[in-house]
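Here is the structure we will look at, set down as structure tokens.
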Amino acid sequence: QVQLVESGGGLVQAGGSLRLSCAASGRTFSSYGMGWFRQAPGKEREFVAAITWSTGWNYYIDSVKGRFAISRDNAKNTVYLQMNSLKPEDTAVYFCAASRSKISTTLDDYDYWGQGTQVTVSS
């Protein structure tokens with residue numbers, strides 16, 4: 001059992017930056033990797049980025065490459081999503097997720113989810 005709590009969301013102007021945090025607690029040793037997803041109004045939840053705890057291997061969708069950076073602090077059981085050069089289309093609720101077995105772009109591969117944090121980017 002893993003509990004995830006996101007923080008760091010807010011309202012920023014286009015071109016600004018935000019840093020999201022996801023603090024994991026509980027049986028964190030059972031988690032293989034972490035992912036960030038987002039869901040905009042009227043749209044399906046989509047994958048954004050993921051990282052493994054052990055090696056730090058990471059992956060991003062093309063739309064955020066060069067702008068977003070995922071990282072982790074194993075000692076703090078925390079993952080981060082640094083978001084730079086934000087665009088209005090980045091507006092969404094951002095969710096942190098943990099996978100026991102692998103990381104992927106598929107929602108069903110993740111076992112635990114946070115409650116989400118709102119990111120709003122104004123033009």
Side-chain angles (χ1 to χ4, degrees):
Q1 190 68 219
V2 177
Q3 294 79 46
L4 305 174
V5 179
E6 302 102 330
S7 62
L11 190 153
V12 296
Q13 292 185 332
S17 299
L18 282 174
R19 190 191 193 196
L20 305 183
S21 298
C22 176
S25 61
R27 302 180 76 254
T28 57
F29 48 83
S30 67
S31 177
Y32 173 79
M34 307 288 288
W36 285 99
F37 292 77
R38 65 187 181 186
Q39 187 166 20
K43 295 185 177 180
E44 296 183 355
R45 191 170 300 185
E46 69 170 346
F47 172 84
V48 178
I51 190 168
T52 62
W53 287 109
S54 59
T55 66
W57 182 92
N58 54 74
Y59 177 77
Y60 305 87
I61 56 172
D62 288 342
S63 62
V64 306
K65 287 181 178 178
R67 300 191 298 120
F68 291 11
I70 189 170
S71 62
R72 92 287 197 203
D73 187 332
N74 292 54
K76 296 181 178 180
N77 293 318
T78 301
V79 296
Y80 306 93
L81 186 67
Q82 178 67 47
M83 305 184 294
N84 300 320
S85 301
L86 283 163
K87 305 174 181 179
E89 50 262 46
D90 294 318
T91 296
V93 177
Y94 283 71
F95 297 89
C96 178
S99 175
R100 295 178 299 191
S101 58
K102 63 179 181 180
I103 60 172
S104 75
T105 61
T106 303
L107 276 67
D108 289 345
D109 287 330
Y110 293 81
D111 304 288
Y112 307 99
W113 293 83
Q115 81 290 342
T117 185
Q118 177 70 49
V119 172
T120 302
V121 184
S122 62
S123 60

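Throughout, numbering of the chain's residues begins at 1 and tracks the sequence.
Side chains of Tyr59 and Thr105 form a contact here, defined as non-hydrogen atoms less than 4.5 Å apart. Contact of the Tyr110 side chain with the Ile103 side chain is registered, since non-hydrogen atoms from C-beta on lie closer than 4.5 Å. In this structure the side chain of Tyr32 reaches within 4.5 angstrom of the side chain of Thr52, judged on heavy atoms. In this structure, Val64 and Val48 have side chains that are in contact, with non-hydrogen atoms separated by less than 4.5 Å. Residues Leu20 and Met83 form a side-chain contact, since some pair of their non-hydrogen atoms from C-beta on lies under 4.5 Å apart. Residues Arg19 and Tyr80 are in side-chain contact: their nearest non-hydrogen atoms beyond the backbone lie under 4.5 Å apart. For the pair Ile70 and Met34, the minimum side-chain heavy-atom distance is 4.5 Å or more. Contact check for Leu86 versus Phe68: side-chain heavy atoms found under the 4.5 Å cut-off.
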Tell me, with the steps shown, if Gln82 and Asn84 meet side-chain contact (heavy atoms from CB on, under 4.5 Å). CA-CA 7 Å; Gln82 178 67 47; Asn84 300 320; 3.0 Å; yes
How far apart are the C-alpha atoms of Leu107 and Trp113, what are their side-chain angles, what is the distance that settles it, and do they pass the side-chain contact (heavy atoms from CB on, under 4.5 Å) test? CA-CA 10 Å; Leu107 276 67; Trp113 293 83; 4.0 Å; yes
What do the steps show when you test Lys65 against Asp62 for salt bridge (charged side-chain N to carboxylate O under 4.0 Å, His left out), and what is the final call? CA-CA 5 Å; Lys65 287 181 178 178; Asp62 288 342; 3.1 Å; yes
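Applying the disulfide bond (SG atoms under 2.5 Å apart) definition to pairs two or more places apart or across chains, those involving residues 1-120 are Cys22-Cys96. Judged as a disulfide bond (SG atoms under 2.5 Å apart), not a single pair has a partner in residues 33-83 (not counting sequence neighbours).
Applying the side chain to side chain contact (heavy atoms under 4.5 Å, CB included) criterion to Ser85, with sequence neighbours excluded, gives Arg67.
Counting only distance, with no hydrogens or angles, the side chain of Glu6 and the backbone of Gly116 share a donor-acceptor pair below 3.5 Å.
Atoms OG and NZ, on Ser63 and Lys87 in that order, are 8.0 Å from each other to the nearest 0.5 Å. Ile61 CD1 to Glu46 CD: the interatomic distance, rounded to the nearest 0.5 Å, is 4.5 Å. In this structure, CZ in Phe37 is found 13.0 Å from OH in Tyr94, a value given to the nearest 0.5 Å.
Residue Ser21 comes nearest to Thr78 through the heavy atom pair CB-CG2, 4.4 Å, listed as atom of the first residue, atom of the second, then distance.
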